[in-house]
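What follows is a set of notes on a single structure, which appears directly below.
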Protein chains: 2
Amino acid sequence: MAEWQKFSHLFKREEIPAKTRLLHEGEIARKVYFIEKGCCRLSFNNDGKDITFQFFFEGEGVSSAESFRYDKPSLYSIESLEASVVHSLTKADYLTIVESSPLIKQDIEEQTFRRLAYVEKLFLSRIKNSPEERYKELLQQYPRILQRVPQHYIASFLGITSVSLSRIRNRR
Amino acid sequence: MAEWQKFSHLFKREEIPAKTRLLHEGEIARKVYFIEKGCCRLSFNNDGKDITFQFFFEGEGVSSAESFRYDKPSLYSIESLEASVVHSLTKADYLTIVESSPLIKQDIEEQTFRRLAYVEKLFLSRIKNSPEERYKELLQQYPRILQRVPQHYIASFLGITSVSLSRIRNRR
DNA sequence: GGAGGACGATAACAATTGTTAATTAATCTA
DNA sequence: TAGATTAATTAACAATTGTTATCGTCCTCC
């Protein structure tokens with residue numbers, strides 16, 4: 001949205017190497033990030049196993065929303081998958097922007113709502129489909145993810161082991 | 001929130017028999033409901049199988065948020081599990097309220113955000129845990145659900161068949 | 001009160017995934 | 001580029017869940 005341009009001076013451009021955590025699980029999110037180039041994943045640790053549950057790419061905003069908003073420990077980490085360029089915004093600056101622009105306040109509310117709808121869909125997809133079906137869905141709808149993201153992260157995202165994904169891919 | 005009292009005349013009290021759909025999958029949600037007494041489930045049809053993915057009880061508001069907001073076909077149904085008493089609000093009245101009360105607008109934004117956080121947690125729980133673990137989690141955290149809701153809905157909610165849930169319950 | 005349907009338990013078998021381990025392929029990085 | 005690390009494939013076996021079917025019980029509704 002154009003309105004955001006007015007506040008571009010509050011953003012900080014950051015160059016992030018691959019496999020770098022922008023936020024660690026358990027920490028409080030102090031910033032939100034907008035991805036100019038590269039991609040990230042959200043993940044958490046489950047009994048020693050690292051589980052990926054979402055990916056973000058160019059043009060998308062990433063944060064640990066609940067942590068950022070309520071200053072609670074984040075349930076998950078944010079990590080770059082590739083060398084990336086992001087623009088970060090601190091909470092103080094974020095609040096300044098929200099308070100000075102009703103348009104942006106409205107935009108954020110809208111984005112929150114859309115994100116809710118997205119997470120609901122992601123949730124329903126996981127309920128509805130088998131791992132194999134989810135893989136095919138991913139293949140159809142988001143082939144770019146499969147091309148860019150290492151397979152074991154995909155497996156984790158699909159809720160299976162990399163061994164099982166390998167089997168599914170090589171069936172038939 | 002007290003502010004809501006001012007608009008109580010816009011709500012319509014409805015008595016709903018058990019197993020009655022307040023909204024059918026594919027329809028556009030024209031109302032939101034607040035449960036005074038009873039409970040509901042959200043469900044959808046998957047290749048002929050009826051799948052339950054959420055429950056609502058007294059004091060909670062239910063709707064198909066995306067459908068209600070954007071006038072899109074709902075991805076799921078809302079159905080009473082028991083004979084219930086709900087208070088419904090049409091979209092027109094909803095919009096009237098939101099526009100006439102900044103406090104309520106703020107409250108709804110907050111609720112949307114909390115719901116996002118809740119759905120994210122629900123999603124993470126489903127990723128993290130096995131069906132057996134999810135059953136035990138439910139047993140610990142929401143025993144009231146197990147007491148009130150027939151077992152096959154629980155099974156569906158846990159992502160397994162009622163046969164498998166029966167097995168899990170009778171293990172050891 | 002009786003009939004029909006819904007609900008839950010159980011059994012047998014099939015299908016899928018997890019686990020572990022060994023091998024090959026790909027990719028850092030010094 | 002060579003060596004080392006990480007990633008992906010494959011195989012064998014175990015564990016879990018799904019599927020189908022049967023049975024008994026309870027509830028609901030004429």
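The model shown is predicted, which means the values in this text are computed figures rather than measured ones. Residue numbers begin at 1 in each chain, while the letters A, B, ... track the order of the sequences.
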* To do: Report yes if the side chains of A:Arg134 and A:Phe157 come closer than 4.5 Å at any heavy-atom pair, otherwise no.
  => no
* To do: Identify, residue by residue, the members of residues 155-167 of chain A with a heavy atom below 4.0 Å from DNA chain D, and return them in order of residue number, or none.
  => A:Val163, A:Ser166, A:Arg167
* **Other ILVMFWY residues reachable from A:Val163 by side-chain steps of under 4.5 Å** => none
* Compare side-chain N and O positions of A:Lys19 against OP1 and OP2 of C:dT27 and report whether any pair is under 4.0 Å apart. => no
* Other ILVMFWY residues reachable from B:Phe113 by side-chain steps of under 4.5 Å -> A:Tyr70
* To do: Taking all non-hydrogen atoms of both residues into account, name the closest pair between B:Asp50 and B:Ser156 and its distance.
  => O-OG, 3.8 Å
* **A:Glu82 CD - C:dT27 C1' separation (whole Å)** => 15 Å
* To do: At the 4.0 Å heavy-atom cut-off to chain B, mark where contacts on DNA chain D begin and end, going 5' to 3'.
  => D:dT17 to D:dT20
* Could you check whether the rings of A:Phe53 and A:Phe44 sit parallel, tilted or perpendicular, using 30° and 60° as the cut-offs? => tilted
* Asked: the helix from C:dG1-D:dC30 to C:dA30-D:dT1: angle between its terminal axes, five pairs each, to 10°?
  -> 60°
* salt bridge (Lys or Arg N to Asp or Glu O under 4.0 Å) partners of residues 92-107 of chain B, not counting sequence neighbours, each pair once -> A:Glu109-B:Lys105
* Set of side chain to side chain contact (heavy atoms under 4.5 Å, CB included) partners for A:Lys19, sequence neighbours left out -> A:Glu79, A:Tyr153
* Asked: Do B:Glu25 and B:Tyr76 come close enough that some side-chain heavy atom pair is under 4.5 Å?
  -> no
* Structure fact -> Within residues 128-153 of chain A, those residues having any heavy atom closer than 4.0 Å to DNA chain D are A:Pro150, A:Gln151, A:His152
* Structure fact -> To the nearest angstrom, the CD1-P distance between B:Ile168 and C:dG8 comes to 15 Å
* **Salt-bridge contact B:Arg115-A:Glu120 (side-chain N to carboxylate O under 4.0 Å)** => yes
* Any salt bridge (Lys or Arg N to Asp or Glu O under 4.0 Å) involving residues 80-90 of chain A? Give me the pairs, sequence neighbours left out, ordered by first then second residue. => A:Glu82-A:Arg148
* Residues sharing B:Phe11's hydrophobic cluster, by side-chain heavy-atom contacts under 4.5 Å among ILVMFWY, directly or via others? -> B:Met1, B:Trp4, B:Phe7, B:Leu10, B:Val32, B:Phe34, B:Phe68, B:Leu89, B:Tyr94, B:Leu95, B:Ile97, B:Val98, B:Ile104, B:Ile108
Show me the donor-acceptor pairs within less than 3.5 Å that the side chains of residues 136-145 of chain A make with the rest of the protein, sequence neighbours left out.
residue	atom	partner	partner atom	Å
A:Lys136	NZ	A:Glu132	OE2	3.3
A:Glu137	OE2	A:Ser125	OG	3.2

* To do: Mind checking salt bridge (Lys or Arg N to Asp or Glu O under 4.0 Å) for A:Lys128 and listing every partner two or more places apart, or none if nothing turns up?
  => none
